[in-house]
Amino acid sequence: MSANDEYVVEILEGVGLINRTQAQESLRWAEQNDQPVIDALVARQIATKSDILKALANQFGMEFITLAGMDIDQAVIDLIPGEVAQRYKVVPVYRNENTITVALSDPLDVETLDSLRYILRCGVEGVVTTPDEIDAALKHYYAATGLSAASMLQDMTEGSVQAGTGGLELSGEDEVTDADAPIIKLVSLIILEAFRNRASDIHLEPQEKKFRVRYRIDGVLHEVESPPKRLQSAIISRVKIMANMSIAEKRLPQDGRIQINVMGRDLDLRVSTIPSNHGESIVMRLLDKESLHLGLPKLGFFSDDQQVFERLIGLSDGIVLVTGPTGSGKTTTLYACLNYINKPDRKIITVEDPVEYQMSGINQVHVRSDIGLTFAAALRAMLRQAPNIIMIGEIRDLETAEIAVNASLTGHLVFSTLHTNDAPSAVTRLIDIGVKPFLVASSTRAIMAQRLVRKICERCKEPVKATEQQLRLLGPAAEQISQASLFKGRGCADCAHTGYRGRIGLFEIFVINDSVRHLIFERVSASVLRAKARELGMRTLREDGLRKVIAGQTTLEEVFRVTMGDQN
């Protein structure tokens, strides 16, 4: 018997569909058989389900429809993923601006509508139909939606999980027992869903009363349905086994790697664990080897910046630095550079911590500080290998910086990264580390700062006007933006209703010439260097972002998000 049963019979009595005696007898029948009163009324042939649902829908101001005679547009069906539709037993039927109308079989189920509004990030309204019509429509429009972690959790609760990973193959799999199969399958499906959703990271975060799972998609974290807290230990142990970590060690951070094949594509997962208050927190970074084929234009360069950058990475010596915070795409840019200049007549060696992508034709060295193979030690050995081009994962200390400078001054082209907010600040950062100013000036050819912004989804792109507040924030650039045609993503199934799909870079290229070298000799501040760079024609990150807004590639909100500290 449902908690709403008395309310239901009261409504049906009020509209004259049943009398008081029928209501009381049906309530008793429902309680004895532990079924909803609607089923009792139908079973006792007092009223049909259609008549009952019509009466309830009318009471709540909802329309009653028949799905059997409708031909729902596939674009509308695509607005709600199959896993969500199956789980909540709803079918999308209409789309009106930013509101989706869904058919459901229980007009009292306001919780489902609220959940859908949260999941879909848009307005959701309901119409009513029978459960049989819902089931038939789900079978018709959502045939074989596949496995999901959400449905997997439900199956685990019901104890009906079978072995299998749904298109995901692990290398070096251990022998699987029947007791292990549910957890193995759940972890595999968490990874598979992350891949399907284009996630770059999976975050498994133990909290006091829950075990939170989040995916980082296009640089933004999205929380997904979390496994029960009771499965936390088993899931963490499974991930650590897959990454060849010690499951007995829970007090110290550990690093590991998982190699898998997902839906025919090779994928590396870089796994990191760290102890926290409520258990070990795990982050798995998904490294898709196919992204190595990125060309420079796909990074987001406009043709003029691309020509400048291609000239810089084609030099025979000197240092080219890429700067930015963690997660700004520095490593991807360096790999794209190496891919561009990787020719049979050049010897390229990299030293990384860790090696994120394995590239053919390039010698890659993995730093292992525990055995003394530091950046500096690896660099000293590399120079005896007579390379043409050297890539250093990151310049972190004076010893590494000095070897990189000396290598660049003796005929090697050196690529590396630094953690600074803009390009001119990299000069003062190197000097602060301890590198002599004349060495920085002599060796550095160019510094490029970068950020990543989300791209507007091409499928749901629509025109938009800049707001008054945005124009005020733009300052002198407001007039140019106010006259441009701007766009934003409305939100669709293709972009998970975010309005964005994929990312591109914003770039600030600071070319070091003789006048800049003179200022570096004099150890001027970063602000003076920045003013000189602007005088020589350097575009700031904000200015490059505005070019991409005008080109319809991203939005003002995204540019403001990553360049708020930028001085125009």
Side-chain angles (χ1 to χ4, degrees), residues 255 257 259 266-270 272 285-296 299 309-310 312-324 326-397 399-419 426 430 443-448 450 505:
D255 292 308
R257 199 177 197 116
Q259 293 185 328
D266 290 331
L267 201 67
D268 283 351
L269 274 71
R270 199 175 74 194
S272 170
R285 172 159 290 185
L286 282 69
L287 306 173
D288 185 0
K289 293 181 180 179
E290 291 195 9
S291 65
L292 284 182
H293 302 301
L294 276 176
L296 293 179
L299 296 177
F309 197 63
E310 285 179 356
L312 292 170
I313 64 178
L315 295 173
S316 59
D317 58 25
I319 297 177
V320 176
L321 293 173
V322 180
T323 76
T326 301
S328 59
K330 302 187 298 295
T331 303
T332 300
T333 296
L334 289 182
Y335 275 115
C337 293
L338 295 183
N339 197 43
Y340 179 79
I341 60 179
N342 186 12
K343 302 289 193 306
D345 61 342
R346 296 174 180 173
K347 185 176 180 68
I348 303 175
I349 304 181
T350 74
V351 53
E352 307 168 63
D353 184 18
V355 174
E356 293 197 3
Y357 299 100
Q358 295 178 5
M359 301 182 68
S360 62
I362 293 178
N363 304 277
Q364 296 173 273
V365 179
H366 183 174
V367 167
R368 294 187 58 187
S369 301
D370 56 330
I371 62 171
L373 185 59
T374 61
F375 273 104
L379 278 170
R380 279 193 293 268
M382 284 165 53
L383 293 177
R384 293 192 289 271
Q385 297 274 315
N388 301 103
I389 299 163
I390 297 170
M391 188 190 93
I392 306 168
E394 182 184 348
I395 293 178
R396 301 177 179 178
D397 51 46
E399 189 177 10
T400 303
E402 285 181 335
I403 296 172
V405 167
N406 290 332
S408 70
L409 293 174
T410 54
H412 303 86
L413 179 61
V414 179
F415 294 102
S416 190
T417 68
L418 271 180
H419 287 281
L430 287 173
S443 62
T444 309
R445 295 288 178 265
I447 304 163
M448 184 176 76
Q450 72 174 63

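Count residues from 1 along the sequence. Computation of the quantities below employed the complete heavy-atom set of this structure, encompassing side-chain atoms and omitting hydrogens, waters and symmetry-equivalent molecules.
- Scanning all heavy atoms of the two residues, the minimum distance from Phe309 to Cys337 falls at CE2-SG, 3.2 Å.
- Ala404 and Ile392 make their closest contact through CB-CD1, 3.5 Å (heavy atoms, listed as atom of the first residue, atom of the second, distance).
- With rounding to the nearest 0.5 Å, the separation of CD in Glu394 from OG1 in Thr326 is 7.5 Å.
- Screening Ile319, Thr444, Ile389 against Val414 for a side-chain contact (heavy atoms from CB on, under 4.5 Å) leaves a single residue, Ile319.
- Expressed to the nearest 0.5 Å, how far CZ of Arg270 lies from CG of Leu287 amounts to 6.5 Å.
- Here the side chain of Gln450 pairs a donor or acceptor atom with the backbone of Gly329 at under 3.5 angstrom.
- Considering all non-hydrogen atoms of both residues, Ala377 and Gly372 come closest at CB-O, 3.6 Å.
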When you look at His419 and Lys330, which way does the side chain to side chain contact (heavy atoms under 4.5 Å, CB included) test go after all the steps? CA-CA 10 Å; His419 287 281; Lys330 302 187 298 295; 3.7 Å; yes
Report task. Take Ile395 and Leu321, measure what side chain to side chain contact (heavy atoms under 4.5 Å, CB included) needs, and give me the verdict at the end. Result -> CA-CA 10 Å; Ile395 293 178; Leu321 293 173; 4.1 Å; yes
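- Taking all atoms of both residues into account, the shortest heavy-atom contact from Thr400 to Ala376 is OG1-N, 3.9 Å.
- Put simply, CD1 on Ile362 and OG1 on Thr350 are 7.0 Å apart, with the number rounded to the nearest 0.5 Å.
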* Passes side chain to side chain contact (heavy atoms under 4.5 Å, CB included), Leu373 versus Val365? Steps please. -> CA-CA 9 Å; Leu373 185 59; Val365 179; 4.2 Å; yes
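- Between Ile349 atom CD1 and Asn363 atom CG the span is 5.0 Å, to the nearest 0.5 Å.
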Notebook entry, point to check: Which is it for Glu352 and Met391 under the side chain to side chain contact (heavy atoms under 4.5 Å, CB included) test, yes or no, and what are the steps along the way?
Noted result: CA-CA 8 Å; Glu352 307 168 63; Met391 188 190 93; 3.8 Å; yes
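- For the pair Asn406/Leu383, no side-chain contact is recorded, criterion being any heavy-atom separation below 4.5 Å from C-beta on.
- Residue Arg346 places its CZ atom among more than 12 non-hydrogen atoms of other residues, nucleotides or ligands, all under 6.0 Å distant.
- At least one side-chain heavy atom of Arg257 sits under 4.5 Å from a side-chain heavy atom of Asp268.
- Within the 4.5 Å cutoff, no side-chain heavy atoms of Asp345 are placed close to those of Asn388.
- Between Ile341 and Phe415, the closest side-chain pair of non-hydrogen atoms falls below 4.5 Å.
- Here the closest non-hydrogen pair linking Gln364 and Tyr335 is NE2-OH, 3.7 Å.
- Between Val351 and Met382, the shortest heavy-atom distance links the atoms CB-SD, 3.8 Å.
- Side-chain atoms of Thr417 do not come within 3.5 Å of backbone N or O of Val322 as any donor-acceptor pair.
- Residue Ile447 holds its CD1 atom at 7.0 Å from CG of Leu430, rounded to the nearest 0.5 Å.
- Here the CD atom belonging to Glu402 is positioned 9.5 Å from the CG atom belonging to Asp397, to the nearest 0.5 angstrom.
- Looking at heavy atoms from C-beta onward, Leu312 lies out of side-chain contact with Met448 at the 4.5 angstrom threshold.
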Between Asp317 and Arg445, does a salt bridge (charged side-chain N to carboxylate O under 4.0 Å, His left out) hold up when you go through it step by step? CA-CA 9 Å; Asp317 58 25; Arg445 295 288 178 265; 3.1 Å; yes
